[in-house]
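Naming: A, B, ... by sequence-line order, numbering from 1 per chain. Hydrogens, waters and symmetry mates are skipped; everything else that's a heavy atom, side chains included, is used.
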Protein chains: 2
Amino acid sequence: MTNARPTLRDVAAAAGVSPMTASNALHGKPGVRESTRAKVVAAAEKLDYRINLTASMLKSGRSNIIHLIVNEFDSPFYSKLVQALTTETSARGLTPFVEQTHYSPDAARQAMTHTPFSGQLFDGEIIHASGLGTNLPLARMNDGRPLVLIDGCEETPSVDTVNFPNEEGARTAVQHLIERGCRRIAIVGGGYVPRGELAHVEHSYGLRLRGAGGALLDAGLPYDPTVTFHGYDVTMGIEAGHAIADAILDARRDGGDAFDGAFCANDYAAFGVIRGLADRGLRVPDDIRVIGFDGVSAGAYATPTLSTVRVDLDQLARFALDMITRRIGQLADGGYDTPPSRATIGYTLVARESTA
Amino acid sequence: MTNARPTLRDVAAAAGVSPMTASNALHGKPGVRESTRAKVVAAAEKLDYRINLTASMLKSGRSNIIHLIVNEFDSPFYSKLVQALTTETSARGLTPFVEQTHYSPDAARQAMTHTPFSGQLFDGEIIHASGLGTNLPLARMNDGRPLVLIDGCEETPSVDTVNFPNEEGARTAVQHLIERGCRRIAIVGGGYVPRGELAHVEHSYGLRLRGAGGALLDAGLPYDPTVTFHGYDVTMGIEAGHAIADAILDARRDGGDAFDGAFCANDYAAFGVIRGLADRGLRVPDDIRVIGFDGVSAGAYATPTLSTVRVDLDQLARFALDMITRRIGQLADGGYDTPPSRATIGYTLVARESTA
DNA sequence: TTGAAAGCGCTAACAT
DNA sequence: ATGTTAGCGCTTTCAA
């Protein structure tokens, strides 16, 4: 059961050339006669030769592997994000290596610096995880190796970053609710977070809330930042849904102004809110309109289908890989020669049943 | 910007020992005096030394990386499966490397054999992907390297396999519908598939249908295998939902027996069916009860919440890793000495609103 | 256009 | 308990 795979030496011997020539031939390097290359390729094929990546990496220092770090897989949003990033990575001839942090800043830091892999196996890292944005020396943390941050939302970018259209997207979502006739709009997804605690993912939520609140103020509608409902995930969304439902039922009884719309900072939270409203017998959109943010697949077939701001994850993936491949190229040429770049991806308002 | 990371040699020099002793000390190997180990560890810490995995792999032939191959990330089911498998893999001190095939048998085969990695970087592979079950020489395809198949459903197991409780689970689901008073039950998720086309994932669906049909026959209820509704994913589920709704509306008009229950071979399809029924104005569970299979997270917060057969993915992950680590151990000891093993994971009937 | 030499950083095997 | 030797399979460098 010994795995005696053929080595480059075997191929070279079979083709009657030196290992070096065989290597050059197989890599399509110039300076190899066509007939020689053909002989080598034939020999490799015949022996079912496959390059030994570990040896190749050890010598060349390049792996063509890109490290993708995300919070988790089991969420509609992340599974979609990972899908987009891995697809684009593969399309560029690179190999994606996905790792999850389970929302732990420690795990994220660990993934970046203290894995045996980091800095040796990976040619670059693309990261979207909680708890990294705060401690400044991000670029330094990665030891000068190519790094792209997703939705880092740094005021002064210290590394290449692709951001979500947090503020504009949220503004558009709330404007949509207003157009549909909503006058009293609940905002779900944030609330007061001590400044020091603002990890970068959460920071992006702050921007979404700012955009949402801004749209309300612009329209002359009431907005009280202190009564924002918390709802980062489904569970919290359900609680927020209960709270909103109770507020509506109270208002109805007391003859006050009842919520007739809700903006949720992500689709996940929106699903929870709808569920929470249903627990109290309130229906969407009949009793209250609800819109989410992200554009996860499930929104298209949920009941009701979910209106949302769909962010262009394919574009995100393209931007991220443009940035990382550029840095890898620069590194090979001796060093970085451009400052950190920043891009914001596009979005589309998707109007569905939940705001009909 | 040159990455001059410290090597083992540097650590050894700093600690005043030989590289070999440093290596042994850092790996916790026996036969190193405690004071020496402490010195080495301190030196490593001080220099921020990290082992060079490529070199280590090249020499030792072991990477501690497990290759996980699945169809995709962006589905409630797979994201959950991947979550369970990666978590368990990490818990055992191994590193998960996840790859997706997008349901392409070619991509699956490619992932197993023609990646530059396969057979060198990975200590073992765990795979759940379409289009592998048919062509027999699976064990051979993996060149004798440790391989665990998820839900392979081979009649005569040729490799270690962890199966889903397809037949029993489906039977239980349909029995649940019957207990809730359903008398005319639609089966969604399969239908006639030419035998040669039966890839392994689809084969597992055949078992689910067999279990469902068996439950109907056992209860003396009508079952016509030829009128099974197709519905592997949400889109097909929506179409199935339309078809079922039309049949119900027709039956109501003609005074015939209308469907009052539906078993769906996976939750994804069930979401689609519910959506398709809603398109025709039919409500779940009022007009028809619906149950799914898998137990994806979204079922808990969908509206209505989805009854389902929840399979124990954590157990699946434990089984799979038990099997793979055993093979890795055997390989290190000279070769496999046991025949392929097979396990079936447990399940729980989860009764929720959709069958209330 | 081709080949020979050297060595990437580590560890198995064998001294001491 | 520690050190020495050799070499994993490849590629960079330099020579032919």
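- The separation between K59(A) atom NZ and dC8(D) atom P is 15 Å, rounded to whole Å.
- Counting only heavy atoms from C-beta on, N52(B) has its side chain closest to dG9(C) among dT11(C), dC10(D), dG9(C).
- Between Y49(A) and dG9(D) there is no side-chain polar atom (N or O) within less than 4.0 angstrom of OP1 or OP2.
- When atom types are taken as modelled, the side chain of S90(B) and the backbone of T86(B) share a donor-acceptor pair closer than 3.5 angstrom.
- Place R33(B) and P19(A) on DNA chain D by their nearest nucleotides, and R33(B) ends up nearer the 5' end.
- A salt bridge between R342(B) and D160(B) is absent, with no side-chain N of the basic residue lying under 4.0 Å from a carboxylate O of the acidic one.
- Remark: P of dT12(D) and CG of L58(A) are 12 Å apart, rounded to the nearest angstrom.
- Using a 30° and 60° split on the angle between ring planes, H128(B) and Y78(B) fall in the tilted class, from 30° to 60°.
- In summary, R327(A) and D322(A) do not engage in a salt bridge, as defined by a charged side-chain N under 4.0 Å from a carboxylate O.
- Atom CZ in R62(B) sits about 19 Å away from atom C1' in dG9(C), given to the nearest Å.
- In this entry the distance linking CE of M57(B) with P of dT11(C) reads 11 Å, nearest Å.
- Between the C1' atom of dC8(D) and the CG atom of L8(A) lies a distance of 14 Å, rounded to the nearest Å.
- Regarding contacts with the backbone of dG3(C), a side-chain N or O of T21(A) is found under 4.0 angstrom from either OP1 or OP2.
- Look at CG on L47(B): it is 15 Å from C1' on dG9(C), rounded to the nearest Å.
- For the pair K39(A) NZ and dT1(C) C1', the interatomic distance rounds to 12 Å; values are reported in whole Å.
- Looking at D10(B), its side chain does come within 3.5 Å of a backbone N or O of T7(B) through a donor-acceptor pair.
- The side chain of S56(A) places no N or O atom within less than 4.0 Å of a non-bridging phosphate oxygen (OP1 or OP2) of dC10(D).
- In this model, the phosphate group of dC10(D) is not approached by any side-chain N or O of S23(A) to a distance below 4.0 Å at OP1 or OP2.
- Neither OP1 nor OP2 of dG9(C) sits under 4.0 Å from any side-chain N or O of R9(B).
- Listed nucleotides: dT2(D), dT12(D), dT4(D). Nearest to the side chain of V32(B): dT2(D).
- Rounded to whole angstrom, the span from the CZ atom of R50(B) across to the P atom of dG9(C) amounts to 15 Å.
- Within 4.0 Å (heavy atoms only), T54(A) reaches no atom of the nucleic acid at all.
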